[in-house]
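Okay, so here's the structure we're looking at.
Every value quoted in this text rests on a predicted model; they were computed, and no experiment measured them. Along the sequence shown, residues are numbered consecutively beginning with 1. All values below were derived from every heavy atom in this structure, side-chain atoms included, with hydrogens, water molecules and symmetry-related copies excluded.
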Amino acid sequence: MVCSACSGSNPADAAFCEACGIALGTTPAGTAGESSDAGFNGSLHLGFNSDPSVHRSAVPGREFLPGEAPSARIGQATTLEVTVEATVEATVEATVVSCVSCGNTVEDDYCTVCGAKQPSPRDHFEIVHSARLAGVCDRGIQHAANQDAMAVTAGPGAETGVLVVCDGVTSAPLSERAALAAAGAACASLETGFRVDPAARTDAFWADALRTACTAAQVETIAVARTLGDPAEPPSCTFVAAVIDAGAIHVGWCGDSRAYWLPDSGGGQILSIDDSIASQLIASGTSRIDAETDPRAHTITRWLGADAPDPTARVSSVRVNGSGWVAVVSDGMWNYASEPAALKALLGTAEALSTARSMVQFANAQGGVDNITVTLLRLGAAAQPTQPNS
């Protein structure tokens, strides 16, 4: 039996589609939710397409218009009610209140009328702190789950803040939970640094703070294994964080998620050095493009987790001038735009959320082979609000 919602094949006697969960023999109808623009209130938004004219893709939980790339609908509609007062939450708190297929009531992740299984809140979520500061985390096209995580928070000034990205290791169970806990713990730890007198917030101060935040993330990663999983198969994740304060960018990392400085004028910089086989190849003289396309490229040499050989953050600081973007991203983003110039070409002066969305859409359009996370902070000339319906 062919499902009318997703065209999936099912046994002749099946009552519900094995792919999307909808009751077989029914046609999705009605609308669920209205278009929702994210406000700049330190809130977290989760975008699922609820337009009844869409068709499900072959990837569970992702939908798109006929002939349209799946990424084109990111963030345009939501059937979720979400309230997150702080952007350093370690978990995604959300409730699907109406079915994405027919608009009726949802209980325990399934529609009570048509039986459709609802998409996971982890598939796509957005953190918006201001026009300058936001992040988007997306499952991508080819992965069954989103194991990336992010956390952002602002400092005492318009051009200060914290950006954190943790990428759960696919081969390790519960890595998505570990990444969320690690990102939240690290961001909360770094936020306390802004309570110190500005005169004391030197490069050395932030270097110590970044190492402490990495340790906090490591503790949370191990705690997930102890409380939820099998210590013999511990979850693990990468870690990268950037603190922007007083015209300087301070970065700490462990793994291959990256931080970039992308000025409006002049060349950009990668502010971290991947802990990976690709970096080892580059250090030995291999070109970046050859190293990053090597089959071993994404084998990481350092990470967070109970089995981590060295979970200590490496740190760096750089002074910057002029306008531009600080970008902290997972490898699902830089896979398609590794060099600063390539990543910079995806940017503009629009507000941070729409810029991050467009970067995620680009990565999905290139294939979306991995989870994708982009967090951004605008420095210098103010970000421009996105025009309605643009």
Any donor-acceptor pair under 3.5 Å linking the side chain of [X] with the backbone of [Y]?
{"X": "T375", "Y": "G135", "value": "no"}
{"X": "H143", "Y": "V369", "value": "yes"}
{"X": "R122", "Y": "R139", "value": "no"}
{"X": "S189", "Y": "A185", "value": "no"}
{"X": "S175", "Y": "V169", "value": "yes"}
{"X": "R201", "Y": "V196", "value": "yes"}
{"X": "R314", "Y": "I273", "value": "yes"}
{"X": "S338", "Y": "N335", "value": "no"}
{"X": "W261", "Y": "W325", "value": "no"}

Can you measure from [atom1] ([X]) to [atom2] ([Y]) and round to the nearest 0.5 angstrom?
{"X": "I249", "Y": "S317", "atom1": "CD1", "atom2": "OG", "value": "9.5 Å"}
{"X": "N371", "Y": "D167", "atom1": "CG", "atom2": "CG", "value": "6.5 Å"}
{"X": "L281", "Y": "S276", "atom1": "CG", "atom2": "OG", "value": "8.0 Å"}
{"X": "D148", "Y": "S330", "atom1": "CG", "atom2": "OG", "value": "4.0 Å"}
{"X": "K344", "Y": "Q269", "atom1": "NZ", "atom2": "CD", "value": "11.0 Å"}

Can you list everything that forms a side chain to side chain donor-acceptor pair (under 3.5 Å) with [X]? Sequence neighbours excluded, please.
{"X": "R226", "value": "none"}
{"X": "S287", "value": "D290"}
{"X": "W206", "value": "D245"}
{"X": "E176", "value": "Q147"}

Working for side chain to side chain contact (heavy atoms under 4.5 Å, CB included), residues T301 and T299: CA-CA 7 Å; T301 55; T299 300; 5.7 Å; no
Is it the case that [X] and [Y] place a side-chain donor and acceptor less than 3.5 Å from each other?
{"X": "T112", "Y": "E107", "answer": "no"}
{"X": "D138", "Y": "N364", "answer": "yes"}
{"X": "S354", "Y": "E351", "answer": "yes"}
{"X": "S257", "Y": "T238", "answer": "yes"}

Atom CG of L228 with >12 non-hydrogen neighbours under 6.0 angstrom: yes
Using the test salt bridge (charged side-chain N to carboxylate O under 4.0 Å, His left out), find all partners of [X] that sit at least two apart in sequence or belong to another chain.
{"X": "D310", "answer": "R302"}
{"X": "R195", "answer": "none"}
{"X": "D274", "answer": "R258"}
{"X": "E339", "answer": "R288"}

Side-chain heavy atoms under 4.5 angstrom apart, residues restricted to Ile, Leu, Val, Met, Phe, Trp, Tyr: same cluster for [X] and [Y]?
{"X": "V328", "Y": "L210", "result": "no"}
{"X": "M333", "Y": "V136", "result": "yes"}
{"X": "I372", "Y": "L376", "result": "yes"}
{"X": "L174", "Y": "W303", "result": "no"}

Is there a side-chain contact between [X] and [Y] (heavy atoms, below 4.5 Å)?
{"X": "D331", "Y": "D370", "value": "yes"}
{"X": "S272", "Y": "S316", "value": "no"}
{"X": "I244", "Y": "L379", "value": "yes"}
{"X": "L304", "Y": "C214", "value": "yes"}
{"X": "F239", "Y": "V164", "value": "yes"}
{"X": "V113", "Y": "T105", "value": "no"}
{"X": "L347", "Y": "M359", "value": "yes"}
{"X": "C99", "Y": "S101", "value": "yes"}

Residues that, via side-chain heavy atoms closer than 4.5 angstrom, fall in one hydrophobic cluster with V219: none
I222: hydrophobic cluster co-members (side-chain, 4.5 Å): none
Those residues that, when tested against Y336, pass ring-ring contact (aromatic ring centres under 6.0 Å, His included) (two or more places apart): none
Side chain to side chain contact (heavy atoms under 4.5 Å, CB included) between L262 and L343, intermediate numbers included: CA-CA 8 Å; L262 304 167; L343 201 62; 3.8 Å; yes
Summary of ring pair (Phe, Tyr, Trp, His ring centres under 6.0 Å) pairs that have at least one residue in residues 146-176, sequence neighbours excluded: none
R378 and E159 ion-paired at < 4.0 Å: no
With M150, the side-chain contact (heavy atoms from CB on, under 4.5 Å) member among I127, L163, V329, V374: I127
